[in-house]
There are 2 protein chains.
Amino acid sequence: MNDQVTPNFRPLYQQIKEVLLSRIVSGEWPPGTFIPSESALSQQYGVSVGTLRKALDALANENVVIRRQGKGTVVATHDSDRSLFQFFHLVRLDGERSLPISRVLVRERRKAEAIEAEALGMEPGDEVIHIRRIRELDERPALLEDVVVSATRFTGLEEEPQPLPNTLYHLYQQRFGVSVAHAEERLFAIAAGSEEQEHLGVEVNTPLLEIRRIAKDLQGNPLEYRVSRCETQHHYYLNEL
Amino acid sequence: MNDQVTPNFRPLYQQIKEVLLSRIVSGEWPPGTFIPSESALSQQYGVSVGTLRKALDALANENVVIRRQGKGTVVATHDSDRSLFQFFHLVRLDGERSLPISRVLVRERRKAEAIEAEALGMEPGDEVIHIRRIRELDERPALLEDVVVSATRFTGLEEEPQPLPNTLYHLYQQRFGVSVAHAEERLFAIAAGSEEQEHLGVEVNTPLLEIRRIAKDLQGNPLEYRVSRCETQHHYYLNEL
DNA sequence: GAGTGGTCTAGACCACCCC
DNA sequence: GGGTGGTCTAGACCACTCC
């Protein structure tokens with residue numbers, strides 16, 4: 001690299017990795033596009049191919065980028081098969097995995113509640129967009145989901161095309177230019193209330209799995225707070241360690 | 001490498017990786033010991049240091065081995081700080097993580113139930129060792145846990161030193177020479193029964209988190225089937241994606 | 001100072017994809 | 001056949017640990 005002659009020691013490949021990441025985040029290489037080849041980039045930055053490979057491999061490990069021998073390196077999208085199940089862990093009892101179909105119940109703009117503001121790093125009272133939906137698996141309601149995002153960062157989401165797409169993260173990426181890269185999920189067991197009774201078709205006090213997720217962008221900033229209540233008679237939450 | 005002139009194409013570093021893994025599994029390098037240096041191993045196998053590095057890095061990524069600049073490469077143990085929380089995801093509501101203290105209720109040898117036999121790849125009726133214990137966090141019972149392992153693979157476990165160690169996987173490793181490397185967890189929401197009422201101090205029908213885990217060794221063979229019922233008033237299950 | 005793993009380089013060849 | 005990423009090599013130097 002020509003710039004970055006700073007005395008702070010960080011491995012070259014990490015600096016390269018961050019530069020590449022910033023070019024992705026900036027929108028210079030939108031999701032789905034091919035980035036320049038290893039040799040082109042290594043010349044561009046004046047480093048060896050090996051060093052540049054280490055940077056790209058690191059990005060690939062974090063699912064930021066997908067590499068294919070013979071084809072090239074692509075910025076990851078949320079509709080690729082690999083990404084689809086990164087954030088969806090519900091599995092049918094027989095082990096089959098499929099994506100749910102969504103039905104939106106509520107889409108509104110309102111002030112953030114305290115817990116939402118804290119999760120999103122906002123001030124209480126800042127405006128958010130709230131989406132509530134049912135997600136069905138095998139034509140059976142499986143999830144009651146409340147999604148909350150910043151109204152300033154996602155301006156206009158509450159008026160989006162009437163049928164909201166099934167995978168919100170794909171919409172975030174295409175419409176708002178932000179990619180969900182990581183998430184933190186906290187799981188609780190709760191008792192169904194009247195809302196869950198109505199929408200999930202379970203009796204009041206049925207045990208449900210509650211998943212509170214904070215989804216974060218490529219740099220780790222919180223993007224979305226989502227609470228899902230899930231029926232576990234016909235599905236379970238799968239985690240591989 | 002001198003052997004392995006087979007025509008089936010697999011990258012050299014993967015073959016090296018498997019050879020190293022087999023030497024670890026065989027007990028030649030027990031957990032906690034340092035394996036030979038990169039240069040020594042590369043000479044031993046007649047490959048370049050870079051290739052050997054790739055093999056070792058892969059093993060490090062899978063937590064089989066831990067590498068430390070200036071010191072060497074050590075076979076991972078289940079008491080290292082890194083490993084301790086790989087399989088323990090319960091977190092206190094304020095975010096603090098600590099390991100639970102266990103109290104054994106049952107330790108017996110009996111025939112496997114159908115679901116246990118299936119999980120462990122055994123025949124129904126084969127003998128298993130069953131351990132039931134309470135695990136306390138902050139002096140409050142948090143988990144009621146049933147652990148089932150093959151009685152032939154873990155011969156003598158039912159008569160182990162009376163205070164069973166807190167971390168069973170450490171015992172498996174030291175006493176039986178097997179390391180738990182991976183696990184698959186299936187999470188359900190269930191209602192507390194009388195047993196949970198008695199041992200966890202919750203009312204009957206309180207929603208609980210049930211975690212069904214199949215723990216596997218370095219080669220992916222099932223080692224242990226464990227069902228934990230967990231109270232989520234004071235803790236939650238944390239999953240980072 | 002000696003030994004370890006970590007970084008970086010430069011170059012060769014291979015497997016894969018597409019034209 | 002030309003381009004891509006994947007493998008393998010050989011060697012230099014650096015950062016860290018321990019004696």
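We name chains A, B, ... by the order of the sequence lines, and we start the count at 1 in each one. Note: hydrogens, waters and symmetry copies are ignored here, and every other heavy atom, side chains too, is used.
At least one side-chain nitrogen or oxygen of B:Arg67 sits closer than 4.0 Å to the OP1 or OP2 atom of C:dG6. Dashed line: the shortest gap from a side-chain N or O of A:Ser39 to OP1 or OP2 of D:dG3 is not under 4.0 Å. Residue B:Thr51 places none of its side-chain N or O atoms closer than 4.0 Å to OP1 or OP2 of D:dC8. Distances shorter than 4.0 Å separate none of the side-chain N or O atoms of A:Thr73 from OP1 or OP2 on D:dT4.
For A:Lys54, taking side-chain heavy atoms from C-beta onward, the closest of the listed nucleotides D:dT7, D:dT9, C:dT7 is C:dT7. Comparing D:dT9, C:dG6, D:dG6 by their nearest atom to the side chain of B:Ser48 picks out D:dT9. Side-chain proximity of A:Leu12 to the nucleotides C:dC8, D:dG5, D:dA10 is greatest for C:dC8. The side chain of A:Arg53 lies closest to D:dG6 when the candidates are D:dA10, D:dG6, C:dT7. The listed nucleotides are C:dT4, D:dG6, C:dT9; the one nearest the side chain of B:Ser37 is C:dT4.
At whole-Å resolution of the value, OH in A:Tyr45 and P in C:dT9 are 14 Å apart. Between the P atom of C:dC8 and the CG atom of A:Asp57 lies a distance of 14 Å, rounded to the nearest Å. Between the C1' atom of D:dG5 and the CG atom of A:Leu52 lies a distance of 12 Å, rounded to the nearest Å. We find that CG of A:Leu41 is positioned 16 Å from P of D:dG3, with the value rounded to whole Å. One atom, CG of A:Leu56, and another, P of D:dT4, lie 13 Å apart when rounded to the nearest Å. For the pair B:Lys17 NZ and D:dC8 C1', the interatomic distance rounds to 18 Å; values are reported in whole Å.
Shown here are the salt bridge (Lys or Arg N to Asp or Glu O under 4.0 Å) partners of A:Arg186, two or more places apart in sequence or in another chain: A:Glu184. With sequence neighbours left out, A:Phe176 forms a ring pair (Phe, Tyr, Trp, His ring centres under 6.0 Å) with A:Phe154.
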Which pairs, protein N/O on one side and nucleotides 12-19 of chain C N/O on the other, fall under 3.5 Å?
unit_1	atom_1	unit_2	atom_2	d
C:dA15	N3	A:Gln69	OE1	2.7

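The pair B:Glu185-B:Arg213 counts as a salt bridge, with a side-chain nitrogen and a carboxylate oxygen less than 4.0 angstrom apart. Ion pairing of A:Arg92 with A:Asp94 is present here, as a side-chain N (NZ or NE/NH1/NH2) and a carboxylate O approach within less than 4.0 Å. Salt bridge B:Glu38/B:Arg67: present, at least one basic N to carboxylate O contact under 4.0 Å.
Looking at A:Leu120, A:Leu157, A:Ile131 one by one, the single match for side-chain contact (heavy atoms from CB on, under 4.5 Å) with A:Val149 turns out to be A:Leu157.
Ring geometry for B:Tyr237 versus A:Tyr237: interplanar angle over 60°, hence perpendicular rather than tilted (30 to 60°).
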